Amino acid sequence: MTMQLDDTHIKMLDLLRQDARLSIAALAEKLKISRSNAYQRFEAMQKAGVITGSTIAIDFNAAGVGVAALIFVSLDQNRWEEFREQLHELPELEYFAVITGKYDCMLLVRTASVAGVHKLVTSTISKWSVIKATETVFVMDEGWSRVDIEESMQNAALGALRLNSSGMTRFIRTR
């Protein structure tokens, strides 16, 4: 079930994404609403699952894990549960996604060195019998861009009006 977000909810989310440590009093002041209103909105978004936690931004190079790689994985389709359980064995894993296309999922991992990624792939992941194939791609540069929730929702609504639902999940453009 999705929660209906108004402009104040969306502004609150944007403020919290910029600084997850903002107090309710600071949020209320920035949003020009009462503390009670800010607290009620915050609690409602937590209860609805819109807000699931808070995070900090990390400089991975400064933290000693500056080498990032995407590991694309093909799986034995009857063993997804086993694969998900094995993911807990990877302290290097930052993010996991089930994807469409050539591979079944993608893992974003971070290590201290290229050798660390090599060891992870060859000594750990490749030994999981659930895995049929992997392809590893090193991340050369990274950047962040926060989704503008309000604009994204408006664009999605416009897109739904203009496009038929063809089910296309992969788009390849070559020159």
Side-chain angles (χ1 to χ4, degrees), residues 1-73 80-81 83-101 103-112 120 137-171:
M1 185 174 124
T2 60
M3 178 179 176
Q4 187 66 38
L5 301 177
D6 64 20
D7 290 344
T8 304
H9 287 112
I10 291 168
K11 288 175 188 167
M12 182 180 281
L13 289 173
D14 285 337
L15 288 168
L16 288 168
R17 289 189 331 181
Q18 291 170 28
D19 184 357
R21 299 177 301 164
L22 280 175
S23 68
I24 294 295
L27 281 170
E29 184 179 325
K30 289 178 182 282
L31 295 168
K32 296 178 178 34
I33 60 176
S34 71
R35 285 185 197 180
S36 173
N37 188 342
Y39 184 77
Q40 288 172 351
R41 287 171 175 276
F42 183 84
E43 288 288 310
M45 286 193 287
Q46 280 187 315
K47 187 176 181 179
V50 174
I51 295 175
T52 59
S54 60
T55 62
I56 58 170
I58 299 171
D59 180 332
F60 293 106
N61 287 317
V65 286
V67 176
L70 301 173
I71 304 171
F72 295 94
V73 180
W80 276 92
E81 282 185 40
F83 173 73
R84 283 181 175 266
E85 289 172 15
Q86 288 178 304
L87 290 176
H88 297 289
E89 298 173 20
L90 304 178
E92 305 89 347
L93 180 64
E94 180 177 351
Y95 177 78
F96 158 75
V98 174
I99 59 175
T100 61
Y103 296 99
D104 298 310
C105 63
M106 182 211 66
L107 312 175
L108 170 59
V109 297
R110 295 188 184 278
T111 65
L120 175 67
V137 178
F138 286 91
V139 176
M140 303 297 289
D141 192 11
E142 294 181 89
W144 286 95
S145 177
R146 301 280 185 193
V147 173
D148 182 321
I149 297 169
E150 184 175 22
E151 187 173 330
S152 182
M153 290 168 47
Q154 289 171 354
N155 288 342
L158 287 174
L161 293 174
R162 282 187 259 153
L163 299 174
N164 66 16
S165 180
S166 64
M168 183 172 69
T169 58
R170 190 169 188 208
F171 177 78

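Keep in mind that the numbers below use all heavy atoms, side chains included, and drop hydrogens, waters and symmetry copies. Just so you know, these numbers come straight off a predicted model, no measurement behind them.
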### Message
Can you tell me how far apart CD (Q18) and NZ (K30) are? Round to the nearest 0.5 Å.
### Response
8.0 Å

### Summary
To the nearest 0.5 Å, atom CE of M3 lies from atom CD of Q46 at 11.0 Å

### Query
Taking C-beta and beyond as the side chain, do R41 and L27 meet within less than 4.5 Å on heavy atoms?
no

## Note on the structure
Interatomic distance, CG@L5 vs CE@M12, rounded to 0.5 Å, equals 11.0 Å

### Query
Hey, what do you get for SG (C105) to CZ (R84), rounding to the nearest 0.5 Å?
8.5 Å

### Query
Considering all heavy atoms of both residues, which atom of V50 and which atom of L13 are nearest to each other, and what is their separation?
CG1-CD1, 4.0 Å

### Closest non-hydrogen atom pair, Y103 against V73
CB-O, 3.6 Å

### Query
If you measure from the Lys or Arg side-chain nitrogens to the Asp or Glu carboxylate oxygens, is any gap between D14 and R17 under 4.0 Å?
yes

### Query
Between S23 and A26, what is the shortest heavy-atom contact and its length?
OG-N, 3.0 Å

#### Entry: Neighbour count above 12 (heavy atom, 6.0 Å) for Y39 OH
no

### Query
Do I56 and I58 have side chains that get closer than 4.5 Å, going by heavy atoms?
yes

### Task
Supply the atom-to-atom distance F72 CZ to D104 CG, rounded to the nearest 0.5 angstrom.
12.5 Å

### CG-CD1 distance between L108 and I71, expressed to the nearest 0.5 angstrom
9.0 Å

Please output the side-chain donor-acceptor pairs of residues 86-97 that fall under 3.5 Å, not counting sequence neighbours, one pair per line with the distance.
from : atom 1 : to   : atom 2 : distance (Å)
E94  : OE1    : R110 : NE     : 2.2
E94  : OE1    : R110 : NH2    : 3.2

## Note on the structure
Hits for ring-ring contact (aromatic ring centres under 6.0 Å, His included) against F42, two or more places apart or cross-chain, chain-then-number order -> none

### Task
Please collect all side chain to side chain donor-acceptor pair (under 3.5 Å) contacts where either partner lies in residues 48-65, sequence neighbours excluded, each pair once.
none

